[in-house]
Asker: 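Have a look at the structure that comes next, please.
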Amino acid sequence: MPELPEVETTLRGITPWLQGQVIESVVIRQPSLRWPIAQEIETLTGQTIRRLTRRAKYLLIETDIGTAIWHLGMSGSLRLVGEGEPFKKHDHVEWLLSNGKRLRYHDPRRFGALLWQGVDEVCAHLQHLGPEPLSEAFDADYLYQRSRGKSQAIKTFIMDGKVVVGVGNIYANESLFLAGIRPTVAAGKISRARYVRLVDHIKQVLAGAIEQGGTTLRDFVGGDGQPGYFAQQLYVYGRGGQACKQCASTLQEIRQGQRATVFCRRCQR
DNA sequence: ATGACAACCTGTGGGC
DNA sequence: TGCCCACAGGTTGTCA
């Protein structure tokens, strides 16, 4: 269920339970994810978890011998469980920690990945990524410059990880609505002033979702549940054919890059 | 170089 | 109730 806010929520949820712990054992029940799980993951047995960080939608778990890099794909989740908890269908990986907790990776569709990055290496997937959306490097000037000459639709443009990371389908739809920009407009034809609004809304909507994600942390870490989909006030996503919350006209639904796009013809131009 | 599209895989929900 | 189809939070790889 991961867009960036959920990956961040996951990171914050598991960090206190993982940091400083020794990985006592690694169980791989299903090695076939989007790519086969890296061989080196098994060698983590006996290693101490030094640090957890996030880059884009990747979770980085550092040890002295290298870094495990987890991507949750479309349907992946990480949760902590206690001893005796039976495996569920699609629980593919388990790490037993020295505090007795078990970190389990669950992913029905297996679009996720568990990659390896050696010390002093940079994983191929992390190279060429654009700036973090909540960083200062991501601002209107940057987007404006990057977009000049582009005929690509603004929605697919902001969902391109080489432009900016972490803007998934839900938040691309929502931020374009809030900025009043029609998702089909060519990125290169949008003014600097409108990019100011767009960047502002992307940051707000992601930051707000992370805050709300935080409210589900306790359940999540307690281990009996899914990360839980943060209750988010959605204006357009999943609301095609329904009334616009701002002007009551019917929301349009189209497809862009095989993804559902929903927008209001009246509020977004 | 750009951009459109298929692919990876399973589950779910709607229509008949 | 059951079957079939379309679609789902992401990313990569290929092809025109």
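Every chain is numbered from 1 and lettered A, B, ... according to where its sequence line falls, protein lines coming before strand lines.
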Asker: Please check the phosphate of B:dG3 (OP1 and OP2 only) for any side-chain N or O of A:S151 closer than 4.0 Å.
Answerer: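 Indeed, a polar side-chain atom of A:S151 lies that close.
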Asker: Taking the side chain as C-beta and beyond, is there a heavy-atom pair between A:L198 and A:L176 under 4.5 Å?
Answerer: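 The answer is yes; the side chains approach within 4.5 Å.
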Asker: Examine the base of B:dA4 for any acceptor or donor lying under 3.5 Å from a partner atom in the side chain of A:Q258, and report the outcome as yes or no.
Answerer: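 Not at all, since no donor on one side and acceptor on the other fall under 3.5 Å apart.
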Asker: How many Å lie between CZ on A:F157 and P on B:dA4, as a whole number?
Answerer: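 Checked: the CZ to P distance equals 14 Å.
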Asker: If you check the A:P108 side chain, which of B:dG11, B:dG3, C:dG10 turns out closest?
Answerer: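 Of B:dG11, B:dG3, C:dG10, B:dG11 is nearest to the side chain of A:P108.
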Asker: For B:dT10, does either OP1 or OP2 sit under 4.0 Å from a side-chain N or O belonging to A:K89?
Answerer: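 Answer is no, no contact under 4.0 Å.
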Asker: Are A:R259 and C:dA8 close enough that a side-chain N or O sits under 4.0 Å from OP1 or OP2?
Answerer: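 A:R259 to C:dA8 OP1/OP2: no side-chain N or O under 4.0 Å.
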Asker: Answer with base, sugar-phosphate or nothing: what part of the nucleic acid does A:A260 contact at a heavy-atom distance below 4.0 Å?
Answerer: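 Touches sugar-phosphate only.
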Asker: Identify which one of A:I69, A:T67, A:L44 satisfies the side-chain contact (heavy atoms from CB on, under 4.5 Å) criterion when paired with A:W116.
Answerer: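 Of the listed options, the one satisfying the test is A:L44.
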Asker: Side chain of A:E3: nearest nucleotide among C:dG10, C:dT11, B:dC9?
Answerer: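 For the A:E3 side chain, the nearest candidate turns out to be C:dG10.
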Asker: Can a donor-acceptor pair under 3.5 Å be found between the side-chain atoms of A:R109 and the base atoms of C:dA8?
Answerer: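 Indeed, a donor on one side and an acceptor on the other fall under 3.5 Å apart.
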Asker: Between P on C:dC7 and CE on A:M74, what's the gap in Å once rounded to a whole number?
Answerer: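 The answer, rounded to whole Å, is 13 Å.
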Asker: Could you state the atom-to-atom distance from CG of A:L129 to P of C:dT12 in whole Å?
Answerer: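 Rounding to the nearest Å, CG of A:L129 and P of C:dT12 are 8 Å apart.
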Asker: How close or far is atom P of C:dG10 from atom NE2 of A:H125, stated in whole angstroms?
Answerer: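 In whole Å, C:dG10 P and A:H125 NE2 are 16 Å from each other.
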Asker: In Watson-Crick or G-U wobble terms, both distances under 3.5 Å, what is the partner of B:dC9?
Answerer: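 Checking every strand shown, B:dC9 finds no partner, since no pair has both distances under 3.5 Å.
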Asker: For a quick test of reading the model: is some side-chain N or O of A:H71 closer than 4.0 Å to OP1 or OP2 of C:dT11?
Answerer: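 Looking at the OP1 and OP2 atoms of C:dT11, one of them is under 4.0 Å from a side-chain N or O of A:H71.
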Asker: Quiz question: going by heavy-atom distance under 3.5 Å, is there a donor-acceptor pair between the base of C:dT11 and the side chain of A:R34?
Answerer: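 Donor-acceptor pair under 3.5 Å: yes.
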Asker: Yes or no on side chain to side chain contact (heavy atoms under 4.5 Å, CB included) for A:Q117 and A:V122, after CA distance, side-chain angles and deciding distance?
Answerer: CA-CA 6 Å; A:Q117 177 177 269; A:V122 179; 4.3 Å; yes
Asker: Does A:H90 have a side-chain nitrogen or oxygen under 4.0 Å from the phosphate oxygens OP1 or OP2 of B:dC9?
Answerer: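 The answer is no; no side-chain N or O of A:H90 sits under 4.0 Å from OP1 or OP2.
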Asker: For A:I69 and C:dT12, what is the distance between atoms CD1 and P respectively, to the nearest whole Å?
Answerer: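 Whole-Å distance recorded here is 12 Å.
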